[in-house]
Amino acid sequence: MTTPSATTPSTAPGTGHAPAPTPDGVPRGRGSLGPVGLVLAGGVSVQFGGALAVTLMPRAGALGVVTLRLLVAAVVLMVLCRPKLRGHSRADWGTVIVFGVAMAAMNGLFYQSVARIPLGPAVTLEVLGPLTLSVLASRRAVNLVWAALALAGVFLLGGGGFSSLDPLGVAFALGAGAMWAAYIVFSARTGRRFPQADGLALAMGVAAVLFLPLGVAESGTKLLDPTILALGAAVAVLSSVLPYTLELLALRRLPASTFAILMSLEPALAAAAGFLILDQALSTTEAAAIALVIAASMGAVRTQVGRGKAAPGL
């Protein structure tokens with residue numbers, strides 16, 4: 001696994017020139033907090049998309065929802081980005097294909113999980129993938145502290161234990177977490193090899209093609225229903241197009257270890273959305289879990305920004 005490095009020939013989005021990198025590959029200057037905002041905006045979008053997907057699953061099935069999500073997202077991104085198919089090396093295509101496979105597997109496994117176990121524990125188990133990545137990819141000891149703090153928070157949010165859950169649902173959630181970690185790594189690599197969101201568009205196309213037979217087998221002609229198509233399109237935009245694009249752009253300027261810890265905010269965002277939108281009261285344990293996760297994420301961000309500011313004196 002790799003993180004953005006100083007040797008990456010990447011330019012800052014919208015600037016037209018390469019920013020001065022720190023030894024960790026993170027641009028210095030006014031845009032230091034930009035990637036963090038992109039990640040948070042993507043997380044909020046995913047929560048709204050997830051809520052809509054829950055209402056669609058009884059009509060189209062779990063595999064059908066994933067198929068619509070990936071297919072519509074692929075069409076939208078291909079039209080908007082118009083990625084070039086020529087001029088890419090074999091390594092470029094290998095990276096984008098693995099990225100697409102990871103994306104398809106991450107979505108498919110997660111929806112299979114939430115079909116068997118509650119959403120909260122499923123998200124909590126899935127987050128263990130990025131948290132593990134943060135430990136393996138980190139080069140600073142302090143990031144181990146933030147990872148441990150976030151891990152304690154997500155376990156609290158999951159109720160402190162998972163012994164009563166369907167073992168197959170737990171396995172699917174853990175598999176989705178592993179694919180989430182792979183998604184983070186290959187999203188970063190794809191962002192460095194392809195301009196703008198071209199690599200994401202191509203990877204989304206790969207994921208859609210891989211998943212289409214599964215969706216057709218489960219849902220059949222239901223996927224052509226106008227209402228289901230419209231809802232599926234909304235889920236695709238909120239859960240795939242916006243967050244994946246924002247995350248890919250963020251990963252060009254944010255180390256994979258810091259990004260992975262920020263992903264631990266997903267269970268907290270879900271709980272907050274339930275409180276604000278669904279009027280679901282938070283228990284003391286859940287509130288403490290959210291506080292731990294947010295503290296870990298803020299610590300990771302402050303560590304990374306502080307390292308960027310200290311770079312000139314290194």
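All values below were derived from every heavy atom in this structure, side-chain atoms included, with hydrogens, water molecules and symmetry-related copies excluded. For the single chain, residues carry numbers from 1 onward in sequence order.
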Exercise for review: Go through Val98 and Arg189 one step at a time and tell me if the side-chain contact (heavy atoms from CB on, under 4.5 Å) criterion holds.
Suggested key: CA-CA 10 Å; Val98 175; Arg189 294 182 181 180; over 6 Å; no
Review point. Counting N and O atoms only, with roles assigned by atom type, does the side chain of Arg69 sit under 3.5 Å from a partner on the main chain of Ser239, one being a donor and the other an acceptor?
Key: yes
Revision key, fill the gap. Going by chain and number, the hydrophobic cluster around Leu224 (ILVMFWY, side chain to side chain under 4.5 Å) further includes none
**Study point:** Nearest heavy-atom neighbours spanning Val209 and Pro213
**Key:** O-CD, 3.3 Å
Practice item. Say whether, by atom type as modelled, one donor and one acceptor occur between the side chain of Ser45 and the main chain of Ala41 under 3.5 angstrom. Key: no
Check your understanding: Do Val206 and Leu68 share a hydrophobic cluster, counting only Ile, Leu, Val, Met, Phe, Trp and Tyr and linking them when any side-chain heavy atoms are less than 4.5 Å apart?
Key -> no
**Study point:** Remaining members of hydrophobic cluster (4.5 Å side-chain criterion), Val237
**Key:** Leu242
Exercise for review: Taking all non-hydrogen atoms of both residues into account, name the closest pair between Met106 and Trp180 and its distance.
Suggested key: SD-CA, 3.6 Å
Exercise for review: Go through the steps for Leu85 and Leu202 under the test side-chain contact (heavy atoms from CB on, under 4.5 Å), then give the verdict.
Suggested key: CA-CA 9 Å; Leu85 300 180; Leu202 293 172; 3.6 Å; yes
Exercise for review: Looking only at non-hydrogen atoms, find the nearest pair between Ala250 and Leu38 and report the distance.
Suggested key: N-CD1, 3.8 Å
Point to revise | Heavy-atom closest pair, residues Gly169 and Ser113 | key: O-OG, 3.1 Å
Point to revise | Distance-minimising heavy-atom pair for Ala295 and Leu149 | key: CB-CD2, 4.1 Å
Check your understanding: Is there a chain of hydrophobic side chains (I, L, V, M, F, W, Y, each step under 4.5 Å between heavy atoms) that links Val66 to Leu210?
Key -> no
Point to revise | Stepwise side-chain contact (heavy atoms from CB on, under 4.5 Å) check, Arg192 with Thr95 | key: CA-CA 10 Å; Arg192 295 196 296 269; Thr95 298; over 6 Å; no
Point to revise | ring-ring contact (aromatic ring centres under 6.0 Å, His included) partners of residues 190-231, not counting sequence neighbours, each pair once | key: His88-Phe194
Point to revise | Value rounded to 0.5 Å, distance of CG in Asn107 from CG in Leu63 | key: 11.5 Å
Point to revise | Hydrophobic cluster identity match, Leu229 and Leu214, side-chain contacts under 4.5 Å | key: yes
Check your understanding: Under a single-linkage definition using a 4.5 Å side-chain heavy-atom cutoff for Ile, Leu, Val, Met, Phe, Trp and Tyr, are Met57 and Leu70 assigned to the same hydrophobic cluster?
Key -> yes
Practice item. For the residue pair Leu200 and Met103, establish whether any side-chain heavy-atom pair is separated by less than 4.5 Å. Key: yes
Review point. If we only count heavy atoms from C-beta on, is the Val75 to Met204 side-chain gap below 4.5 Å?
Key: no
Exercise for review: Answer yes if the ring centres of Tyr183 and Phe99 are under 6.0 angstrom apart, and no otherwise.
Suggested key: yes
**Study point:** Donor-acceptor pair, side chain of Thr67 and main chain of Leu212, under 3.5 angstrom
**Key:** no
**Study point:** Contact list for residues 215-240, test salt bridge (charged side-chain N to carboxylate O under 4.0 Å, His left out), sequence neighbours left out
**Key:** none
Review point. Does any pair with a residue in residues 75-97 pass salt bridge (charged side-chain N to carboxylate O under 4.0 Å, His left out), and if so which ones, sequence neighbours excluded?
Key: Asp92-Arg193
Review point. Taking only residues two or more places apart in sequence or in another chain, which ones pass side-chain contact (heavy atoms from CB on, under 4.5 Å) with Ala201?
Key: Leu77, Met78, Cys81, Pro83
Review point. Which pair of non-hydrogen atoms, one from Leu125 and one from Ala173, has the smallest distance, and what is that distance?
Key: CB-CB, 3.8 Å
Practice item. Determine whether Val170 and Leu168 fall in the same hydrophobic cluster, where Ile, Leu, Val, Met, Phe, Trp and Tyr are linked whenever their side-chain heavy atoms lie under 4.5 Å apart. Key: yes
Check your understanding: Just by modelled atom types, is the Phe186 backbone N or O under 3.5 Å from a matching donor or acceptor in the Thr190 side chain?
Key -> yes
